[in-house]
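Numbering of residues begins at 1 and proceeds along the displayed sequence. Being a predicted model, the structure only gives us computed values, none of them experimental.
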Amino acid sequence: MATVELRFSAQPEHVRTARLVAAAVARRAGVDEAVLDEVRLAVGEACSRAVGLHRSHGITAPVSVALTEDEKAFSIEVGDSVPGPGADPAESGASDASGGSGAGAARPDSEADGEGEDEMGLAVISGLVDDVEVRSGAGGGVIRMSWPTADAAVRP
């Protein structure tokens, strides 16, 4: 099982690099040429979502991307460091710009806008990828996507 790992600072200009690397590794892993555009778009959406979450929560940790090929499938995991709902941000090292309870009156509206964009990005990913899983916990979130390889299509 071969794995390529990327870590990049949460800057929008790095998303393109992640897309290009994902397409190259997917091609090498045996993903059908007709599906490569879907891989690029899905990785772009997932990375853009992670970058947006990091920036909106003031997190300086890098976004992580793991590209894994095995005998039957090619998978990509895009991870962020934003604690999931109900998690204590202090435990994960995330910084919160609100400063405490009641300090950020404008914050709920901006979070609601971010959640709308987040849901739209997840909807786009779900439309592009048949096998997608979204997890969130105290250490951050992960979007896992996978595609069959040409070897898997040939095998019974």
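From F74, atom CZ reaches atom CZ of R28 across 8.5 Å, with rounding to the nearest 0.5 Å. The CG atom of L6 sits 5.5 Å away from the CG atom of L67 when rounded to the nearest 0.5 Å. In this structure, H14 NE2 and R7 CZ are separated by 13.0 Å, a value rounded to the nearest 0.5 Å. Annotation: the span from L20 atom CG to R40 atom CZ amounts to 7.5 Å, rounded to 0.5 Å. If you take CG on L41 and CG on L36, they are separated by 11.0 Å, rounding to the nearest 0.5 Å.
For the pair S146 and S75, the tightest heavy-atom approach, listed with the atom from each and the gap, is CB-CB, 3.8 Å. Scanning all heavy atoms of the two residues, the minimum distance from S48 to V15 falls at OG-CG1, 3.7 Å. Here the closest heavy-atom approach between residue V43 and residue A22 is recorded as CG2-CB, 3.7 Å. The minimum heavy-atom distance linking A61 with S81 is given by the pair CB-OG, 3.6 Å. The minimum heavy-atom distance between V51 and P12, with the atom names listed, is CG1-N, 3.9 Å. Among all heavy-atom pairs drawn from K72 and D70, the shortest one is N-OD1, 3.1 Å.
Of the candidates V63, V82, I59, V82 is the only one forming a side-chain contact (heavy atoms from CB on, under 4.5 Å) with L53. Shown are T68, V25, I76, V65; of these, the side-chain contact (heavy atoms from CB on, under 4.5 Å) with V4 is made only by V25.
When side chains are defined from C-beta on, E77 does not count as touching I143, because their heavy atoms never get closer than 4.5 Å. F8 has its side chain within reach of C47: a pair of non-hydrogen atoms, C-beta onward, lies under 4.5 Å apart. Between R49 and D80, some side-chain heavy-atom pair lies under the 4.5 Å cut-off.
Applying the 6.0 Å contact sphere to CD of E13 captures more than 12 heavy atoms from other residues, nucleotides or ligands.
Under 4.0 Å is where a charged nitrogen must lie from a carboxylate oxygen, and between E133 and R135 at least one such pair does.
Under the 3.5 Å distance criterion, the side-chain polar atoms of H54 are left unmatched by any main-chain donor or acceptor of T60. The backbone N or O of M145 lies less than 3.5 Å from no partner atom in the side chain of D131, so there is not a single donor-acceptor pair.
Cluster membership check: V142 does not share its hydrophobic cluster with L122, using side-chain heavy-atom separations under 4.5 Å among Ile, Leu, Val, Met, Phe, Trp and Tyr.
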